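Quick caveat: nothing in here was measured; it's all calculated off a predicted structure.
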Amino acid sequence: MSTPDFKLIEAGALRLAASWQDRANELLSAEEKAIQDQMQRLLGHPMDRVVLTRLIDQCFRSHDYQRVADQVNHLLSLYGVPDFFSRVERLLIQMFLGMGRHFPQFSVPRLVEKMRSSSSRA
């Protein structure tokens, strides 16, 4: 085969791949689109990835709810609430910082469960 034949094959393969990707994007559910949007925001903010990693580390490191609450409060006070979280998630984090950290036996298990369920979707 000559070089022009390879160029035609390559162009055809690219068109086919693009059409498959477009179709796959059309078939995404609303939840899948929301997850993709959130992942795009996360990838666009390197510091958010650092904060998320540290949050995960602190949430799953200790079984002492008071310690977890203190560490999460410290991290979020130090770095702020990451931008990649949805509005609802940011509101829940603000509620945790305001009240939840004072009731760790109630709030920390819910925080950990939310992190598990969110990470299992991605």
Check the surroundings of atom CZ in Phe106: do more than 12 heavy atoms from other residues, nucleotides or ligands lie under 6.0 Å from it?
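Atom CZ in Phe106 is not packed in, count stays at 12 or less.
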In this structure, are over 12 heavy atoms from other groups packed under 6.0 Å from Met95 atom CE?
no
Heavy atoms only: give me the nearest [X]-[Y] pair and the separation to one decimal.
X	Y	value
Val112	Cys59	CG2-O, 3.8 Å
Asn25	Lys33	O-CE, 3.9 Å
His45	Arg41	ND1-O, 2.8 Å
Leu27	Glu32	O-OE1, 4.2 Å
Lys114	Ser117	O-OG, 3.2 Å

Test item: [X] side-chain N/O and [Y] main-chain N/O as donor-acceptor pair under 3.5 Å:
X	Y	answer
Gln58	Leu55	no
Arg90	Phe85	yes
Ser77	His74	no
Glu89	Ser86	yes
Asp48	Asp83	yes

Find out whether [X] and [Y] are in side-chain contact, i.e. whether some heavy atom of one side chain is under 4.5 Å from a heavy atom of the other.
X	Y	value
Ser107	Arg110	no
Leu42	Gln38	no
Gln40	Phe84	no
Leu14	Glu10	yes
Asp57	Thr53	no
Leu76	Pro82	yes
Val68	Pro104	no

State plainly whether one hydrophobic cluster holds both [X] and [Y], where clusters connect Ile, Leu, Val, Met, Phe, Trp and Tyr through side-chain heavy atoms under 4.5 angstrom apart.
X	Y	result
Ile9	Leu16	no
Leu75	Leu91	no
Leu52	Met47	yes
Val108	Ile56	yes
Leu28	Leu43	no

Is any side-chain N of the basic residue among Glu113 and Arg116 closer than 4.0 Å to the acidic one's carboxylate O?
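Judged by the 4.0 Å cut-off on N to carboxylate O distance, Glu113 and Arg116 do not form a salt bridge.
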How long is the span from the [atom1] atom in [X] to the [atom2] atom in [Y], to the nearest 0.5 Å?
X	Y	atom1	atom2	value
Leu78	Gln71	CG	CD	11.0 Å
Arg49	Arg54	CZ	CZ	13.5 Å
Asn73	Ile93	CG	CD1	12.0 Å

Could you give me the CA-CA distance, side-chain angles and deciding distance for Val72 and Arg101, then say whether side chain to side chain contact (heavy atoms under 4.5 Å, CB included) is met?
CA-CA 8 Å; Val72 169; Arg101 65 189 175 102; over 6 Å; no
On the six-membered ring of Tyr65, is Arg67 placed so that its NZ or CZ lies under 6.0 angstrom from the centre and within 45° of the ring axis?
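Relative to the ring axis of Tyr65, which defines the angle, Arg67 lies outside at least one limit.
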Donor-acceptor side-chain pairing of Gln66 and Gln105 below 3.5 angstrom
no
